[in-house]
There are 2 protein chains.
Amino acid sequence: MFSKACEYAIKACIFVAKSSMQNNRVTPKQIAEEINSPVAFTAKIMQELVKSDLVDSYRGAYGGFEIDKAKIDQISLSKIVKVIDGEKLYDGCGLGLDVCNENHPCPVHYQYKTIREDLKQLLDSTNLKQLALGIENGLSYLKT
Amino acid sequence: MFSKACEYAIKACIFVAKSSMQNNRVTPKQIAEEINSPVAFTAKIMQELVKSDLVDSYRGAYGGFEIDKAKIDQISLSKIVKVIDGEKLYDGCGLGLDVCNENHPCPVHYQYKTIREDLKQLLDSTNLKQLALGIENGLSYLKT
DNA sequence: TTTAAATAAGATAAATATATCCGAATTAAA
DNA sequence: TTTAATTCGGATATATTTATCTTATTTAAA
Ligand code: SF4
Ligand code: SF4
């Protein structure tokens with residue numbers, strides 16, 4: 001479904017969001033510890049998220065990553081997925097045809113279409129605030 | 001969604017099924033031509049499908065691949081996907097937690113669960129006969 | 001029995017995804 | 001101004017996926 005990098009990105013964002021709601025910046029080391037991921041790889045992914053303006057970073061002592069509190073409920077899963085995995089889950093073909101439209105459908109088009117629509121809907125309508133609250137309330141977990 | 005190998009496998013099976021319905025065996029070269037895939041890689045994938053008993057192969061002159069006509073509507077997409085990509089799409093976690101169940105859900109569990117159920121349902125209920133007929137009737141295409 | 005056409009199998013290569021390492025730049029505080 | 005903590009960027013390493021090549025084996029028909 002998602003690439004490993006994207007899984008890490010989603011979990012990292014949830015943790016950074018939760019921390020930011022508590023006014024704490026976090027380091028790659030803390031993130032990796034919290035989501036059970038390789039530190040350096042996670043740091044690389046954070047850089048992409050920063051470049052794409054989903055996360056803010058501050059260098060130097062007492063620095064780290066944070067997300068503007070006012071933006072936390074504006075960041076949907078789809079924004080994160082698009083930054084890391086691109087658009088293919090979003091509008092790619094179930095069977096990877098180059099040309100992919102209603103007039104030239106692949107064999108699974110009719111079955112797959114509604115599922116892709118539902119997935120889009122899910123990714124668009126789920127934001128970091130909801131997910132961070134889920135973690136805070138013990139309804140869900142970032143690692144085993 | 002699916003790996004490249006799995007996309008080729010699905011398309012190849014559809015083409016073999018369609019050909020078998022017309023009593024024609026097909027070679028890897030014909031398959032690759034028809035689904036726009038690399039010949040040798042496609043041949044490797046066909047071997048896995050044969051080993052898993054989804055496809056029959058016949059060596060030597062006038063040989064090739066075919067699917068028992070009586071079995072074509074018994075082969076669901078889920079069987080093919082499981083052979084090539086394994087169970088992870090089927091029961092893996094949206095965010096790749098090692099432990100994945102209702103009591104210890106990942107953050108997207110509640111949103112993702114129904115989509116995964118729908119996808120399962122789709123893969124289980126769609127069989128090669130339906131898909132092959134779709135191609136035959138010009139309702140869908142195997143390549144661009 | 002010979003030949004040509006075909007799959008099977010194993011080795012190898014190329015491309016991509018995942019992961020690590022290190023030095024440079026930045027910054028707040030002592 | 002020095003130090004320690006931090007991100008940034010580039011280089012490198014490893015693993016996995018995708019793709020190719022080469023040889024052996026099988027088989028139907030001539
Ligand atoms: S399912 Fe439909 S939209 Fe998706 S690739 Fe196939 S034809 Fe294109
Ligand atoms: S979505 Fe649910 S079932 Fe899937 S990995 Fe997450 S917790 Fe597990």
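Labels below follow one simple rule: chain letters A, B, ... track the order of the sequence lines, proteins then strands, and each chain is numbered from 1. Heavy-atom basis, side chains included; hydrogens, waters and symmetry copies ignored.
- Following rounding to the nearest Å, B/F41 (CZ) and D/dT20 (P) show an atom-to-atom distance of 9 Å.
- With sequence neighbours excluded, no residue forms a ring-ring contact (aromatic ring centres under 6.0 Å, His included) with A/F15.
- Grouping the Ile, Leu, Val, Met, Phe, Trp and Tyr side chains by contacts below 4.5 angstrom, directly or via other members, places A/M21 with A/L131.
- A donor atom on one side chain and an acceptor atom on the other are not found under 3.5 Å apart for B/K79 and B/N127.
- Put simply, OH on A/Y62 is 17 Å from P on D/dT3, counting in whole angstrom units.
- Residues B/L128 and B/I14 meet the side-chain proximity criterion, which asks for heavy atoms closer than 4.5 Å.
- The ring pair (Phe, Tyr, Trp, His ring centres under 6.0 Å) analysis of residues 61-85 of chain B, with sequence neighbours excluded, yields no pairs.
- For the pair B/Y8 OH and D/dT18 C1', the computed distance is 8 Å after rounding to whole Å.
- Within the structure, salt bridge (charged side-chain N to carboxylate O under 4.0 Å, His left out) contacts touching residues 39-58 of chain B (residues at least two apart or in different chains) do not occur.
- Between the CZ atom of B/F65 and the P atom of D/dT27 there is a distance of 14 Å, rounded to whole Å.
- When the shell of 6.0 Å around NZ of B/K29 is examined, it contains 12 or fewer heavy atoms from other residues, nucleotides or ligands.
- A nucleotide of DNA chain C counts as in contact with chain A when one of its atoms lies under 4.0 Å from a heavy atom; the first and last such, 5' to 3', are C/dT18 to C/dA29.
- Taking a 6.0 Å sphere around NZ of B/K71, one finds it holds 12 or fewer heavy atoms contributed by other residues, nucleotides or ligands.
- Ring planes of A/Y8 and A/F41: perpendicular class, angle over 60° (limits at 30 and 60°).
- At a non-hydrogen distance threshold of 4.0 Å, A/K44, A/Q47, A/V50 from residues 44-53 of chain A come into contact with DNA chain D.
- Rounded to whole Å, the distance from CZ on B/R59 to P on D/dT26 is 6 Å.
- Checking A/S78 against A/D124 by side-chain atom types alone, a donor-acceptor pair falls below 3.5 Å.
- If you check residues 19-33 of chain A against DNA chain D, the residues with a heavy atom closer than 4.0 Å are A/V26, A/T27, A/P28, listed by number.
- Residue B/A61 is the one, among B/A61 and A/C6, whose nearest nucleotide of DNA chain C lies closer to the 5' end (criterion: closest heavy atom).
- If you run salt bridge (charged side-chain N to carboxylate O under 4.0 Å, His left out) between A/K143 and each of A/E33, A/E34, A/E7, only A/E33 comes through.
- The nearest whole Å value for the distance from the CD atom in B/E66 to the C1' atom in D/dT27 is 15 Å.
- Summarising the geometry, the separation between CD on B/E7 and P on D/dT17 is reported as 14 Å, rounded to the nearest angstrom.
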